[in-house]
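Quick note on labels: first sequence line is chain A, next is B, and so on, each numbered from 1.
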Amino acid sequence: MASSSEDDVPLVKSKANGVKSSDTIPKSVDQAMDKENPTNGHVEAGISVRHGPVEEMDVDEDANGPIMANGVTNGKRKARSSVTNGKSYKEASSSEEDDKPLSKRRKMAAPPKPVLDSDSELSDEPLIKAKAKMPPKVTAAQVGEDSDSDQPITEKLAKKKEKIEKAAEKTAKAIRAEEASSAKKKKQKRVDSDDEDDVPLAKKTTKKIAKPKKEESDDDIPLRRKAPAVSAKKDKTKVKAEAVSPAKKAKGKVKAEKTEDDLAAEAEEEEFRWWENMDKNDNSIKWNTLEHNGVVFPPEYVPLPKNVKLVYDGVPISLHPDAEEIAGFYGAMLNSEVNVSNPTFNENFFFDFKAMLDNTGHGKDKDGNKIKIKEFAKCDFKPIFEYYDAERQKKKALPAVEKKALKAEKDAAEAPYTHCMWDGRKQKVGNFRVEPPGLFRGRGEHPKTGKVKQRVRPEQITLNIGKDAKVPTPPEGHKWKEIKHDQTATWLATWQENINGAFKYVMLAASSDIKGQSDYQKFEKARELKKHIDRIRKDYNRELQSKVMADRQRATAVYLIDKFALRAGNEKGEDEADTVGCCSLKYEHVTLRPPNTVIFDFLGKDSIRFYDEVEVDTQVFKNLKIFKKEPKGPGDEIFDRLTTSALNKHLSSYMTGLTAKVFRTYNASWTMSNLLKDMKSTGTIPEKVKDYNDANRQVAILCNHKRTVAAGHAGQIEKMQEKINGMLYQQWRLKQMMIDVDSKIKKKKGADFFELPEDLDEEWVKKHQEYLVEEHRQKIRKKFEKENEKLVAEGQKEMKDKELNDRLKDADELEKKFKKENKSKKVAAEGKSPSIEKLEASIEKIQQRIETSKIQLEDKDQNKEVALGTSKINYIDPRLTVVFSKKFDVPIERFFSKTLREKFDWAIKSVDEDWEF
DNA sequence: GAGTAGACTTAGGAATATAAAC
DNA sequence: GTTTATATTCCTAAGTCTACTC
């Protein structure tokens with residue numbers, strides 16, 4: 001990265017080709033910042049937006065691709081693997097310069113700006129030296145770093161890999177052999193759930209680290225001590241044998257008269273409880289035997305009926321089926337405002353559509369005359385939309401029986417693909433369907449949104465399957481791209497999509513053992529962080545004052561990640577939406593308001609806005625000021641001397657596997673843990689659920705999990721409020737009736753008790769009464785009609801209108817009653833032999849309903865733009881929820897849906913109410 | 001050391017199923 | 001029974017991070 005020589009040619013490109021900070025921070029700068037008022041990049045005078053160096057960048061325009069709106073080129077930004085179908089997309093072909101080393105790419109004409117005072121004693125210290133001060137690393141990632149060898153790392157790793165693979169295969173064979181010979185014995189042993197039997201085969205034969213059964217006690221052993229990463233890596237032969245022939249465990253216990261489903265469910269029930277014997281380190285071999293049936297392809301394109309056509313310039317056009325299919329993609333989503341009103345979406349779609357038209361000879365009118373489609377604006381997709389919409393409606397309107405039959409048919413066709421056999425255990429596959437072709441719906445301002453996502457053919461799909469398993473037959477006339485037997489991978493199939501070159505994978509469902517294990521490890525890692533967090537915080541607090549710029553930036557970034565749960569913020573490519581995380585924050589995303597308030601305003605993952613005004617440590621405030629210091633301006637990165645790799649490398653020196661992401665899990669779970677711990681949830685189940693959701697919401701807010709407010713939300717809230725008001729009125733009337741029963745009650749209870757509730761006034765009452773009367777009338781009418789229908793159906797005479805009018809008198813009576821009440825300010829007691837006790841009981845009943853409704857309303861409103869699901873599914877240790885459920889006696893079903901209960905089966909079965917995060 | 005391919009997790013919104021209200 | 005609201009599941013884009021390559 002940085003070197004002292006770079007300082008000689010200042011303002012060389014940093015990781016995002018922006019302005020780069022100097023290596024070190026002299027005292028004078030620190031002191032100056034102490035005196036100065038902190039700068040606000042957006043508004044404060046004196047900070048000009050464009051400085052010399054930034055202007056210099058204009059030079060880059062031809063050489064390094066387009067200059068972004070903020071004046072910064074993105075020449076070096078990361079892009080996903082390139083795709084070789086450059087035909088349709090108008091990508092400015094990435095510059096040849098990209099291949100050149102940074103130093104050669106461009107030279108800044110401007111002389112080095114004296115950003116800092118003449119360098120302090122540290123100024124010339126090469127970064128690499130500064131880095132040497134970092135704590136030693138012991139992660140698996142650094143396996144090849146034995147400095148004592150001259151052998152290239154890659155070579156070493158390749159050899160190691162070869163060795164490991166051989167050993168793994170040998171072990172796998174041994175296991176298979178042993179499995180076969182000892183299957184019977186094992187079955188018997190399983191029944192007795194012998195501890196020893198749960199020990200993975202491989203572990204029995206290799207040197208095993210003694211491990212207590214419960215993971216809680218296990219926690220006390222630091223991961224590193226348990227099995228150093230290096231040896232863990234070397235020891236790939238210690239196959240994950242928890243997974244070895246576990247299905248056998250389920251057998252031998254079944255009771256007689258059970259249905260097949262029961263048996264299957266029970267077999268599933270008796271799964272091996274992998275979480276009781278989890279090797280937290282060994283991630284190398286994921287399976288020994290793997291059988292599956294491949295993937296389900298989407299149906300081939302069915303051309304539109306002859307009468308449904310794209311209309312171009314007022315003329316219905318016949319298209320080649322390939323072009324028509326693309327027109328159909330667009331036509332079918334005309335109701336998707338977000339997309340079809342996005343110019344980029346339309347532009348990209350039309351570019352690809354036209355390319356296909358060029359290939360297929362455009363269209364023909366009814367007389368067979370060729371029509372060239374040139375302008376998007378002249379295309380009318382409405383007939384196509386209407387056709388597809390009608391199809392949708394038709395499908396929706398199908399009788400329930402037919403719907404069911406169709407579903408059953410589909411389920412039957414897909415049945416072979418829904419599960420696989422993973423080390424002999426039946427496991428659910430997640431996304432066994434190949435993604436259908438369509439238009440790419442990139443989020444936010446994705447430059448490729450709207451492009452055509454092509455149909456995936458078997459020739460593009462690589463399968464991963466056991467060596468001994470039967471390879472699924474590809475669709476007729478096709479073949480698979482490749483068959484792999486990669487035991488270190490968990491995917492069953494993979495292909496590369498044509499838009500971004502992203503790899504797509506078919507993997508197991510969240511409820512599978514392998515995903516469960518991974519989830520478990522994730523939360524255990526977060527719990528492990530508890531033991532290191534104090535030291536980490538102490539260190540970064542100290543390093544906030546480091547003279548070495550890189551270190552100070554790193555410390556500041558860790559502070560932000562730890563405190564505000566920011567994402568790491570990898571570099572992004574120019575072909576992606578411009579979103580950021582911590583390390584990629586830019587000048588304009590952070591505003592400083594003295595004395596120590598920081599305003600974050602940026603688009604994060606999925607282009608979701610992150611806006612927060614927070615108070616920070618004064619040193620952090622000062623640092624951010626320094627990192628934003630001239631000549632930096634909009635477009636420049638704040639942490640220009642920091643990359644996520646460097647950050648994670650540093651973090652991993654504290655704890656194996658510690659990365660920025662772990663902080664989010666840790667902080668989310670830790671927050672939830674504390675909230676639940678302090679909670680004295682009493683009352684009804686809905687109240688307890690609300691308490692839980694409140695805590696969940698706080699975590700979701702911490703993680704900035706948002707959703708768009710549903711259309712009609714305001715109306716729904718209003719409706720709920722009206723309902724509550726109605727109940728309040730009803731309650732008030734009952735109170736008035738108490739006075740009617742016992743006039744002394746007013747004195748006894750105090751006048752306040754009988755006041756009209758605050759939210760209601762006379763005007764509202766009148767309107768509500770009108771509503772009630774009208775409602776009553778409607779009810780009478782409906783009942784009358786229904787009864788008449790019944791009479792007709794029974795062959796009897798209909799009742800006459802007179803009967804209806806007689807019945808409607810009841811509503812008139814109600815109207816009169818209300819009027820009288822309004823006039824006399826008195827409410828006569830209703831019902832048979834009314835008493836104070838009876839009325840009080842009714843009031844109390846309504847009170848409870850009011851409370852419940854109020855809770856629901858509050859819950860709904862507070863949740864309107866917060867998505868609770870993401871944190872519940874990914875960040876909050878599910879065991880915390882289980883503890884809450886047990887401690888407060890709320891069924892777990894109230895928190896976890898069926899799929900979540902399957903996903904978190906390990907959590908539900910592994911803790912009691914004393915468990916702590 | 002930088003760049004990136006590849007594998008995996010995280011994420012919001014659409015589609016669908018279910019429950020509640022009418 | 002039908003409509004509407006809510007919950008759940010599905011879908012796949014968009015992140016993170018490791019390991020490999022140059």
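Computed from coordinates, the Arg707(A) CZ to dT8(C) P distance equals 13 Å when rounded to whole Å. Atom-to-atom, CD of Glu576(A) to P of dG15(C) comes out at 7 Å; the value is rounded to the nearest Å. Distance, Arg567(A) CZ to dG12(B) C1': 11 Å, rounded to whole Å. Distance Asp411(A) CG to dT9(C) P: 15 Å, rounded to the nearest Å. When rounded to the nearest whole Å, the span between CD of Glu445(A) and P of dA14(C) equals 13 Å.
Here the NE2 atom belonging to His705(A) is positioned 6.0 Å from the OG atom belonging to Ser871(A), to the nearest 0.5 angstrom. To the nearest 0.5 angstrom, Leu651(A) atom CG is 7.0 Å from Ile561(A) atom CD1.
Relative orientation of the Phe349(A) and Tyr330(A) rings is parallel, given thresholds of 30° and 60° on the angle between their planes. Taking the six-membered ring where tryptophan is involved, the planes of His446(A) and Phe440(A) are perpendicular, since the angle between them exceeds 60° and thus also 30°. Relative ring orientation between Phe610(A) and Phe602(A) is described as parallel, the plane-to-plane angle staying below 30° on a 0-90° scale split at 30° and 60°.
Among the heavy atoms of the strands, none lies under 4.0 Å from Ile873(A). Among the protein residues, Ser336(A) comes within range of no part of the nucleic acid, since none of its heavy atoms lies under 4.0 Å from any strand. Lys407(A) comes within 4.0 angstrom of sugar-phosphate atoms only, judged by non-hydrogen atoms across all strands, and of no base. At a threshold of 4.0 angstrom between heavy atoms, the contacts of Lys396(A) with the nucleic acid are absent. Contacts of Arg901(A) with the nucleic acid, taken as non-hydrogen atoms under 4.0 Å apart, are absent. At the heavy-atom level, Gly869(A) lies nowhere under 4.0 Å from the strands shown. When heavy atoms are screened at a 4.0 angstrom cut-off, Lys605(A) is found touching base atoms of the nucleic acid. Contact annotation for Thr494(A): no contact, since no heavy-atom pair falls under 4.0 Å across all strands. Using a 4.0 Å heavy-atom criterion, one finds that Lys403(A) contacts no nucleic acid atom at all. Within 4.0 Å of Arg443(A), counting heavy atoms only, lies at least one base atom of the nucleic acid.
In terms of position along DNA chain B, the nucleotide closest to Ala489(A) lies nearer the 5' end than the nucleotide closest to the other residue of the pair Arg441(A) and Ala489(A). Take the nearest nucleotide of DNA chain B for Lys484(A) and for Asp519(A): the residue whose nucleotide is more 5' is Lys484(A). Between Ser897(A) and Lys504(A), the residue whose closest nucleotide on DNA chain C is further toward the 5' end is Ser897(A).
When distances run from any side-chain atom of His446(A) to the nucleotides dA11(B), dC8(B), dA14(C), the shortest one goes to dA14(C). For Lys661(A), the listed nucleotide lying nearest its side chain is dT10(B); candidates were dG12(B), dT9(C), dT10(B). Residue Asp606(A) places its side chain closer to dA14(C) than to any other of dA14(C), dA13(C), dC8(B). The side chain of Met507(A) has dA7(B) as its nearest neighbour among dT9(C), dC10(C), dA7(B). The side chain of Thr899(A) lies closest to dT8(C), out of dA14(C), dT12(C), dT8(C). Relative to the side chain of Thr870(A), the nucleotides dG15(C), dT10(B), dG12(B) differ in distance, and dG12(B) lies closest. If you check dG12(B), dT9(B), dA7(B) against the side chain of Tyr505(A), the one that comes closest is dA7(B). Nearest to the side-chain atoms of Glu435(A) among the listed nucleotides dG12(B), dA13(C), dC17(C) stands dA13(C).
At dT9(B), one or more side-chain N or O atoms of Ser518(A) fall inside 4.0 Å of OP1 or OP2 (strictly under the cut-off). Using a 4.0 Å cut-off, no side-chain N or O of Arg392(A) falls inside it from OP1 or OP2 of dT16(B).
The side-chain hydrogen bond (donor to acceptor under 3.5 Å, both in side chains) search around Asn874(A) returns none, not counting sequence neighbours.
No side-chain donor-acceptor contact under 3.5 Å links Lys706(A) to the backbone of Glu865(A).
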